[in-house]
Amino acid sequence: MIHRHPVADVRPCAVGDGAPCDFAPLGRFTDKSGKVGEVSVVRCKRCGIGVSMPPLADVAFLYEGRESQDFQPDARGLAHGIKDIAFRRQARTLLRQLGAVPRQVLDFGCGSGQFTRCLGEMLPGSTVTGADFHDAPPAELAGRRYFPIGEARDHAGEFDLVSAFHVLEHDDDPQALLGRIAALAERGGTIVLEAPNIDCIWTRLLGKAWDAWYLPFHRTHFSRPALRALVERAGLTIERDLDICVPTMGRSLANAFGRPNSLPFLLAGIVLHPLQWLGERLSGRPSAIRIIARKN
Ligand SMILES: [Zn+2]
């Protein structure tokens, strides 16, 4: 036995007859948190899902102080303005994909809250709420709607749209997490999930340097079959399954040079984005997968 994982070792594989995944090691990765030490990934030979090792039953300690890049604490001034433009574009794309205007929106795992705020500004007749680990809202959501995910039980069934962008990969037990996310949506409501794609062109070309491995913060690394199986096992109906190009080139470069959130790399990422998009389109291997699902 090359590893022990309390969740991954017993969860049925997305491919095959319900037996657990058949894992092989991908080797050691860089610990971006400096809090865990030796980190590695094992990957299923059948469904392609990747699982970060060692197991971490509770990941809240990784996010204390909002130090991770998920919260992007250093973005100010021009960099903040550029990100606002990008987030407004993402919000427009999301609303187009949904095809209907949601009334009660929850952005689960809102991080810095900048996307949540931009989405709220584009939905003046709706309420948009953020939720994340911390008791207090992030600065972007000061004076706006927010609750800590520890209080999620109090909000069951409240929302006709629950988004969870780049959230599922942050937990050792994404099936249980998706269950808690889905519980927040009303019956007939929409749940939008997005996660990095382990089969993207960049894992092939860049290997372990790909930004979205992001250990130990990313606990699960989804292939499309693995993500679809997770959604279907949650009892949700998949309505759309979309390729998403997450603009990660600037951040990958900035990380490589040890300068997260610095403006020159952000601008380089914008310049390189069309190339990134083209590479993903031509290869058919997107950097992320978005699933729009209905709660029955
Ligand atoms: Zn598997």
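Below, all heavy atoms of this structure are taken into account, side chains as well, without hydrogens, waters or symmetry copies. Just so you know, ligand 1 is whichever comes first in the structure, and atom 1 is the first atom listed for that ligand.
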Quick one: side chains of residues 19-26, donor-acceptor pairs under 3.5 Å with protein atoms, not counting sequence neighbours, listed by atom name and distance.
none

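- Sorted by chain and number, the protein atoms of type N, O or S within less than 2.8 Å of the Zn ion (ligand 1) are Cys13 SG, Cys21 SG, Cys44 SG, Cys47 SG.
- No donor-acceptor pair closer than 3.5 Å links the side chain of Gln175 to the backbone N or O of Val7.
- Inter-residue side-chain proximity for Tyr146 and Pro138 is flagged as met; some heavy-atom pair is nearer than 4.5 Å.
- Side-chain atoms of Ser287 and Glu280 include a donor-acceptor pair closer than 3.5 Å.
- Between His170 and Tyr214, the angle of the ring planes goes over 60°, which puts this pair in the perpendicular group of the 30/60° scheme.
- Donor-acceptor pairing under 3.5 Å is lacking for the side chains of His221 and Glu169.
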